Amino acid sequence: MFIDTHTHLYSSKFSEDRPAVMERARAAGVDLAILPAVDRSSHEDMLALEAAYPDWVLAMIGLHPVSVGENYEEELAVVEKYLQQRPWVAIGEIGMDLYWDKTFRDQQVKAFLKQCAWAIDYDLPICIHAREAIDELLELIRGVNNPKLRGVFHCFTGNVAQARQAVDLGFYLGMGGVATFKNGGLEPVLLELPRERILLETDAPYLAPVPKRGKRNETAYVKFVAEKIATLWETSPEEVGRLTSQNAWQLFELDRFAKPDCPWWGLRPPVKDAINE
Ligand SMILES: [Zn+2]
């Protein structure tokens, strides 16, 4: 019923009990988990997890802005190699993070733009990490000025005006734990922006939703995010799952990976009437 569109299930935070975490996610109704890449220190762990759960997990590839440092060109070369090797669900997570450290701000911009260019070349969506940098990233996307550039602002934490700009540029908004926080500020975004552009995510092991706030997050908790959104939308968590899964299907073009025997086959959007397209 749910797609967790952003979860670091390969993180060492899960090394003690990963099979149980995966089991709880399945039991909570998560039919597909999408893994964002960080850097070469974890690419192999991510790919091993994907190989271990081939019907249930899909990996992105990319360089996380917090991992952009002196050696970012070497890191990007690794990403480029992976891109050439096989199909990927998206390029991510990429973007800017000006919260922790601004030392490599220029390099973050260069790495982001390089990966946007690849996304256009490979015709892939991007998954954006934007911390204290939403306006900068919107500006960079406008500068790229290519309608093929599309993706999601993962863990969106901006205001309605920023959300509108993102949506107008063809982007989706990833909603996770922050959407459940009293002071998260996302209620107006969820009420005013088109539901067709909302995706569910956890960003596990980070940012656990209420009522698990402050604890280690895990993919099963995506249901708490769905419950919160269902309350706002005056519908059921199942309906939120159905709609957001179709949104994810659309953005990530999951037809590319879907097989009738995979657990998430049932989440695909209804086939549109060709005449109306
Ligand atoms: Zn992440």
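All values derive from a computational prediction rather than experimental measurement. Side-chain atoms are counted along with the backbone in the values below, which use heavy atoms only and exclude waters and symmetry mates. In each ligand, atom 1 is the first atom listed, and ligand 1 is the first ligand listed.
In terms of the side chain to side chain contact (heavy atoms under 4.5 Å, CB included) criterion, residue partners of P87 (sequence neighbours excluded) are, by chain and number, F257. With sequence neighbours excluded, the residues that form a side chain to side chain contact (heavy atoms under 4.5 Å, CB included) with R24 are D17, A20, V21, R216, E218, A220. T157 pairs by the side chain to side chain contact (heavy atoms under 4.5 Å, CB included) definition with I134, C155, V178, not counting sequence neighbours.
Checked against the 6.0 Å centroid criterion, the rings of F156 and H154 do not qualify as a close aromatic pair.
Protein N/O/S atoms closer than 2.8 Å to the Zn ion (ligand 1), listed by chain and residue number, are H6 NE2, H8 NE2, E93 OE2, D203 OD1.
Annotation: the span from I61 atom CD1 to Y82 atom OH amounts to 6.0 Å, rounded to 0.5 Å.
Within 6.0 Å of CD in Q85 there are more than 12 heavy atoms belonging to other residues, nucleotides or ligands.
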